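Down below is the structure, laid out as structure tokens.
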There are 2 protein chains.
Amino acid sequence: MRNMKKSTIMNTLKKKIREHKYKFTTQRQIILQAFLDSKENHMSAEDVYEMVRDENPDIGLATVYRSLELFTHLELLKKLDFGDGRSRYELNDHNLSHSHHHLICLGCGKVTEFSYDFLNEVKEKIKKENGFDIVDYQLKFYGYCRDCAKKNQNL
Amino acid sequence: MRNMKKSTIMNTLKKKIREHKYKFTTQRQIILQAFLDSKENHMSAEDVYEMVRDENPDIGLATVYRSLELFTHLELLKKLDFGDGRSRYELNDHNLSHSHHHLICLGCGKVTEFSYDFLNEVKEKIKKENGFDIVDYQLKFYGYCRDCAKKNQNL
DNA sequence: CTCCTTGCAAAACTTTTGCAGGACC
DNA sequence: GGTCCTGCAAAAGTTTTGCAAGGAG
């Protein structure tokens, strides 16, 4: 998905919203556009609100929250938690078996992405042992990034 | 750790608190005891507060929050997030390579625990590729438990 | 005795909600 | 035109903080 043209992605998102009988409003489009344009991959509601105000200063924070909730429900976004007291969101690339995970630095708080496929082998095991059907999963690693590991050595 | 006598565990926790030059106050002991006694493995601050008031009605909610933060910092507890808007805590059994993960049911919200070791193989890879030193990790699976999967079929 | 810790109350934040007006299809 | 959606403001809920009094070592 990251390789596609932004306008193509927007059309896909638009289609998904309409398929579910929701309206593709200006506000919803602007919010989705923010995710396509942002360099920050993990935006909080407040981050989105600020980006979106540049485009349309009249938009309300409640609308941002309502849209993020809707988009998460429609699986256009994934809701993440990095333990900093607010929820964060990223575009959902619908690639379950090749999804990425997050390396969260305990020193500087930086979040890096990391690819590693392991779901399929575990999925079967969990189904058999627990009778639990996995739809999605989240894997977070906590530790120290290169820079912070270096700083720790100097203490 | 789950197999040890509670009093032995409490002594270990006490020792750890004192090692770090913090005081082992009555309130801190009562809060830790709540974790040892609770049948609920994943307590929110409010859950802890309610358990603890039975023992000492004068304890303040702020004290609970401050203690949970301290214990997490000392790695006596692990802070978890199941996406229900409040943080939850569990005893940290310091068994990184045999740690457990959580199966969160999207139907009924029930959280089940699940053991699966896979850290060691990934740890090296991440160190080499990203220069990132892993200290801890959290793995959550979202899906449908046996009961809810059955209900879904009947729709 | 000296700090660290606590309780209380207030504050700070994030997120949710009610409602009247507006926009989409 | 009917219904869904938005903005505003207020509310709700969780977590944090300031401060004076109290307790542990």
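Here the structure is a predicted model, which is why all the values come from computation and not from measurement. Numbered from 1 within each chain, the chains take letters A, B, ... in sequence-line order. Atoms considered below: every heavy atom in the structure, side chains included; atoms not considered: hydrogens, waters and symmetry mates.
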Exercise. What about H102(B) and H42(B), are their ring centers closer than 6.0 Å?
Worked result: yes

For this session: Measure the distance from OH on Y22(B) to C1' on dC3(C) and round it to the nearest whole Å.
Result: 14 Å

Exercise. Whole-Å distance between dT16(D) P and Y49(B) OH?
Worked result: 16 Å

Exercise. Is the shortest side-chain N to carboxylate O distance from K127(A) to D133(A) below 4.0 Å?
Worked result: yes

Problem set entry | Nearest to side-chain heavy atoms of R66(A), which nucleotide of dG7(C), dC19(C), dT16(D) | dC19(C)

Exercise. Quick one: is dT15(D) close enough that its OP1 or OP2 comes under 4.0 Å of any side-chain N or O from S87(B)?
Worked result: yes

Problem set entry | Lys/Arg N to Asp/Glu carboxylate O, K125(A) vs E129(A), below 4.0 Å | yes

Exercise. Is the closest basic N to carboxylate O distance between D58(A) and R53(A) below 4.0 Å?
Worked result: no

For this session: Mind calculating the distance between NE2 (H73(A)) and P (dT15(C)) to the nearest angstrom?
Result: 19 Å

Problem set entry | K39(B) NZ to D37(B) CG distance, which is reported to the nearest 0.5 Å | 11.0 Å

Exercise. Between dT15(D), dT5(C), dC4(D), which nucleotide has the shortest distance from any of its atoms to the side chain of R86(B)?
Worked result: dT15(D)

Problem set entry | Atom-to-atom span, CE of M43(A) to P of dT14(C) - whole angstrom | 16 Å

Exercise. Which of these nucleotides, dC4(C), dA9(C), dT14(D), is closest to any side-chain atom of K23(B)?
Worked result: dC4(C)

Exercise. If you find the nucleotide of DNA chain D closest to Y65(B) and the one closest to P57(A), which residue's nucleotide is nearer the 5' end?
Worked result: P57(A)

Problem set entry | Value in whole Å for how far the P atom of dT6(C) lies from CD of E69(B) | 12 Å

For this session: Find the distance D84(B):CG to dT16(C):C1' and express it as a whole number of Å.
Result: 15 Å

Seminar exercise, completed: Among dT5(C), dG25(D), dC8(C), the one nearest any side-chain atom of R28(B) is dT5(C)

For this session: Keeping the roles fixed (side chain from D81(B), backbone from G83(B)), state whether a donor-acceptor pair exists under 3.5 Å.
Result: yes

Exercise. For the helix from dC1(C)-dG25(D) to dC25(C)-dG1(D), what angle lies between the axis at the first five pairs and the axis at the last five pairs, to 10 degrees?
Worked result: 40°

Problem set entry | Separation of atom CD1 in I30(B) from atom P in dT6(C), rounded to whole Å | 11 Å

Problem set entry | Length of the CD-P vector between Q27(B) and dT5(C), whole Å | 11 Å

For this session: Let me know which of L103(B), L80(B), I104(B) forms a side-chain contact (heavy atoms from CB on, under 4.5 Å) with K140(B).
Result: I104(B)

For this session: Output the single nucleotide from dG18(D), dT15(C), dC5(D) whose closest atom is nearest the side chain of L61(A).
Result: dT15(C)

Seminar exercise, completed: Picking from dT14(C), dC24(C), dA24(D), the nucleotide nearest the side-chain atoms of T26(B) would be dA24(D)

Exercise. Any donor-acceptor pair under 3.5 Å linking the side chain of S67(B) with the backbone of T63(B)?
Worked result: yes

Exercise. Under 4.0 angstrom, heavy atoms only, what part of the nucleic acid is S44(A) near: base, sugar-phosphate, or nothing?
Worked result: nothing

For this session: Could you please name the option among dG7(C), dG25(D), dC5(D) that lies closest to any side-chain atom of T63(B)?
Result: dG7(C)

